[in-house]
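Beneath this line is the structure, given in structure tokens, with notes to follow.
Keep in mind that the numbers below use all heavy atoms, side chains included, and drop hydrogens, waters and symmetry copies.
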Amino acid sequence: MTLNEIQAQMEQHDVYDAKLRQENVELGDKLKKIIEQYALREEHIDKVFKHKELQQQLIDAKLQQTTQLMKEAEERHQREREFLLNETTETRLKFEELKQQESQLKQQLSLYMDKFEEFQTTMAKSNELFTTFRQEMEKMTKKIKKLEKETVVWRTKWENNNKALLQMAEEKTIRDKEHKALQVKLDRLEKLCRALQTERNELNKKIEVLQDKVTVLDGDALNGDFLKTDPAEESSEGISEKKHPGIQPITRPLLSEEPVPVQKTFSTGPPSGIDSVD
């Protein structure tokens, strides 16, 4: 029995060893796969680093290119600035030259004016031409004065029209404000009228109910008068009075003889829910 137990234990150990051996083999295969994956990942990382280095080189090249372009732009700007400064100096010199030319031309014009006055003195000898020219000049001056007066008149009219337009605009704004206020008051009055109409309708209904009650009471009174004429009815009334003591027959005059006063109750203030109107 002990041998059998030992043999059984040995068989169990053999099975356990076989399982361990199989697991070791599987673990070895997994380790090989992990090593291969690690190698592949290392290669991938090297490629990524190389790609990043290339990108960095590209960025550096672009940066150098942009710096070069910036330098070129600054040089171009400097050249343009120098060119504009040169142009401004040239234009200033031309302006001074033109000023000198203007002074020379003014001197020449004064000389020509003097010559023209001499020419006028020579032309003054012909009285007819001079008088006609003077008449035309007077006409022109009169026309100019007339036009100046008309311009003054039209200018005053224009100013007055502008003032009137401003006043009309101010009045329009005031009228608009008043219209808005009146519109608000009108809305409030409409609400108050609607509420008063509803209250009037309710009061009319109450009055109709009271009139119906009055007519019913008048009819009962008339019936009481007729019942008094019948002795059998009087006896029945006496029995009913005995059965119901304290109830007296109500006698009222007819509507044709005397109108029944009906008290109307009107509310002096506005109904609830409606604001008062100023």
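Atom CG in L147 sits 9.0 Å away from atom CE in M140 (nearest 0.5 Å). The line from CZ of F49 to CG of L54 is 13.5 Å long, rounded to the nearest 0.5 Å. If you take CD on E75 and NZ on K71, they are separated by 8.5 Å, rounding to the nearest 0.5 Å.
With a 4.5 Å cut-off on side-chain heavy atoms, L40 and E43 count as touching. Within the 4.5 Å cutoff, the side chain of K52 has heavy atoms near those of the V48 side chain.
Between the side chains of Q12 and Y16, no donor-acceptor pair of N or O atoms lies under 3.5 Å. In the model, H13 has no side-chain atom that pairs as donor or acceptor with a side-chain atom of Q9 under 3.5 Å.
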Quiz item: Would Q64 and Q68 count as a side-chain contact (heavy atoms from CB on, under 4.5 Å) if you check the C-alpha gap in whole Å, the side-chain angles of each, and the deciding distance to 0.1 Å?
Solution: CA-CA 6 Å; Q64 289 177 0; Q68 187 67 29; over 6 Å; no

Quiz prompt | Steps toward side-chain contact (heavy atoms from CB on, under 4.5 Å) verdict (L182, H179) | solution = CA-CA 5 Å; L182 290 172; H179 182 265; 5.7 Å; no

Quiz item: Can you list the steps and then say if L3 with Q7 is a side-chain contact (heavy atoms from CB on, under 4.5 Å)?
Solution: CA-CA 6 Å; L3 287 170; Q7 191 174 359; over 6 Å; no

Self-check item: Worked verdict on I35 versus K32 for side-chain contact (heavy atoms from CB on, under 4.5 Å)
Solution: CA-CA 5 Å; I35 290 165; K32 286 180 181 179; 5.6 Å; no

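Atom CD of E72 has more than 12 neighbouring heavy atoms from other residues, nucleotides or ligands inside a 6.0 Å radius.
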